[in-house]
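Inspection log for the structure reproduced underneath, given as structure tokens.
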Amino acid sequence: MTAAGVIRGTTDRRAVVPLLRRLRSPEGQANPLPVWDDLRALGEVVPAPWGGYFVTGFEACSQILRGRNWLVPDFAWQERRPDAARWQDPATREMTRTLSRLNPPVHTFQRRALGNLFDRHTLEVMRPQVDAHVTRLLDDLDLQLRLRGEADFATTVGDQLPIQTVGHWLGIPAEHFPHILDFTHRQVHAQELIPTKSELAISAEATLEMRAFFTGLVADRRAHPGDDVLSGWIRYWDVQYPDDRAAADQMLYDLTMFITIASLETTATMLANAVWFLTRDPARADWLRRHPDHVDDAVDEVLRYDPPIHLNSRFAADDTVLAGVPIAKDTTVHVLYGAANHDPRRNPEPHVFDIRRKGGHLTFGGGAHYCLGTALARMEARLLLTQLLRRFPTLRPAACPVYANRMVFRRITSLKVTT
């Protein structure tokens, strides 16, 4: 099939189905690159089986993420859908209230209120504590390696560093961290592209736990305010809603819940990916150990090579044309981060992992919904890799990573390492 044929919309929507199955299979999770190649071979804008389109090219995906005429699927969009009942699940509705699913002017209002959450000054203040978290977690890793000969990096360090970081930043007592991780792992099913009924049931139960926890956290902080971030938010939103405490509490819950859970799985996967891609090649790890000024470049290449999120969705605010394909108003498009990051027109030899590439990636999104925690995630990765490479010069994988069975959010559930 020619590229022109694809652009004219002649691609059989059913051609995508086996590729999506492969993407969610153990083989596709372990190595999604061939799936990205096959999807790109179908065209830049590929019809999805259920309507809408998958977008595979770097420039087209960038246009969607940065363009003001592409919106996130909010409540108004969901209510216009012919299958509106599909969007009534409590876990789905819970996430639709968060920043990632708000459009202007509501998104603009909330986003400006937060300001630059992790500006240079904030990161400098946080840095010593994050570095201490890294040291303590690597001590745990070292102890397991000495006692057992191998350890699970994903559960010992990867999962723990993000919750330690954001949890202490928000003043959440450490004894709650395991529970937060647990309901986060279960709630995320509702954010899959086509969740099953059983997955939605799991997410619904996790949502109740999540709501109870963060509602209680806000109430407790109201009763015992301090000089922490959450106390500051309470004071701010009380001013915005002086006569409506319920509205202020809803806003506080939405923000605190979203910022917490959004910073966990994606960062944990990025950290585990970094260790996997760097230590599986001793020469690569050794080069980076001798050139620590390239740690940030290594992090960017990890993000480009294997993004923690496979796709994100937008819809057209008006009739438009994307890469030569007419797109009607309200039509959904799915941005395929991995396919875009491996577009050879943007990153030559895209399947080569090259720390010094200086390439481009879309992993943190773009435009109004550019990831709030980008700078914090980069700092966590930088501090972790700097210490890990110095302390464990012979660290290497003992087995390939094990992945959760998902299509949207990647998660490494286990990464065994040894020395």
Side-chain angles (χ1 to χ4, degrees), residues 71-79 87-118 162-163 165-167 169-172 176 179-191 200 203-223 225 228-267 309 312-313 365 368-374 376 409:
L71 304 176
V72 295
D74 57 7
F75 282 124
W77 176 88
Q78 293 172 12
E79 290 167 1
W87 306 95
Q88 298 306 307
D89 180 80
T92 301
R93 294 187 68 81
E94 200 84 357
M95 297 310 297
T96 305
R97 285 203 314 270
T98 64
L99 273 171
S100 64
R101 287 294 178 262
L102 297 179
N103 288 307
V106 179
H107 177 272
T108 307
F109 171 60
Q110 291 192 21
R111 183 65 187 84
R112 284 179 178 170
L114 288 173
N116 185 357
L117 276 180
F118 302 108
I163 185 60
T165 298
V166 74
W169 179 64
L170 288 172
I172 300 174
H176 297 303
H179 182 46
I180 295 172
L181 285 174
D182 179 52
F183 63 60
T184 297
H185 294 328
R186 290 181 286 122
Q187 204 279 339
V188 77
H189 290 301
Q191 301 176 61
L200 287 175
S203 290
E205 181 180 359
T207 296
L208 292 176
E209 297 175 33
M210 182 176 73
R211 187 184 301 155
F213 176 80
F214 286 108
T215 299
L217 178 68
V218 171
D220 181 73
R221 201 60 53 86
R222 275 195 179 283
D228 55 276
V229 175
L230 179 51
S231 295
W233 289 350
I234 291 172
R235 289 188 285 269
Y236 177 86
W237 289 107
D238 281 355
V239 171
Q240 303 306 307
Y241 297 100
D243 302 317
D244 194 344
R245 176 64 63 83
D249 281 349
Q250 181 67 60
M251 187 70 69
L252 288 161
Y253 162 76
D254 290 341
L255 290 173
T256 307
M257 173 269 287
F258 173 68
I259 289 170
T260 302
I261 67 171
S263 66
L264 300 183
E265 286 204 345
T266 51
T267 303
I309 301 178
N312 212 329
S313 301
H369 285 88
Y370 188 74
C371 178
L372 278 170
T374 296
L376 179 61
F409 285 86

* Asked: By side-chain contact (heavy atoms from CB on, under 4.5 Å), which residues pair with T98, not counting sequence neighbours?
  -> M95, S100, M257, F258

* Structure fact -> Sequence neighbours excluded, the answer for side chain to side chain donor-acceptor pair (under 3.5 Å) partners of Q240 is none

* Contacts of type side-chain contact (heavy atoms from CB on, under 4.5 Å), residue N312, not counting sequence neighbours -> R101, R314, Y337

* Which pairs count as salt bridge (charged side-chain N to carboxylate O under 4.0 Å, His left out) when at least one residue sits in residues 247-258, sequence neighbours excluded? -> R97-D254, R222-D249

* To do: Please list, chain by chain and in numerical order, all residues satisfying side-chain contact (heavy atoms from CB on, under 4.5 Å) with R211, sequence neighbours excluded.
  => E94, T207, L208, T215, Y253

* Structure fact -> Residues at least two apart in sequence or cross-chain that pass side chain to side chain donor-acceptor pair (under 3.5 Å) with T92, listed by chain then number, are none

* For A247, enumerate each residue passing the side-chain contact (heavy atoms from CB on, under 4.5 Å) test, keeping only those at least two apart in sequence or located in another chain. => Y241, D244

* With sequence neighbours left out, write down each residue that passes side chain to side chain donor-acceptor pair (under 3.5 Å) with T165, or none if nothing qualifies. => E380

Contacts under 3.5 angstrom, residues 103-110 side chains, donor-acceptor by atom type, not counting sequence neighbours:
from, atom 1, to, atom 2, distance (Å)
N103, OD1, V72, N, 3.0
N103, ND2, V72, O, 2.9
N103, ND2, D74, OD2, 2.8

* **Contacts of D89 that satisfy salt bridge (Lys or Arg N to Asp or Glu O under 4.0 Å) - sequence neighbours left out** => none

* To do: Kindly assign one of parallel, tilted or perpendicular to the pair F214 and F183, based on the angle between their ring planes and the thresholds 30° and 60°.
  => perpendicular

* To do: Can you sort out the partners of T266 under side chain to side chain donor-acceptor pair (under 3.5 Å), two or more places apart, ordered by chain and number?
  => none

* Structure fact -> For R111, the salt bridge (Lys or Arg N to Asp or Glu O under 4.0 Å) test, sequence neighbours excluded, returns none

* Measure the spacing between CD1 of I259 and CH2 of W169 and express it to the nearest 0.5 Å. => 5.5 Å

* **Spatial distance of atom CD1 (I172) from atom CG (L230) [nearest 0.5 Å]** => 8.0 Å

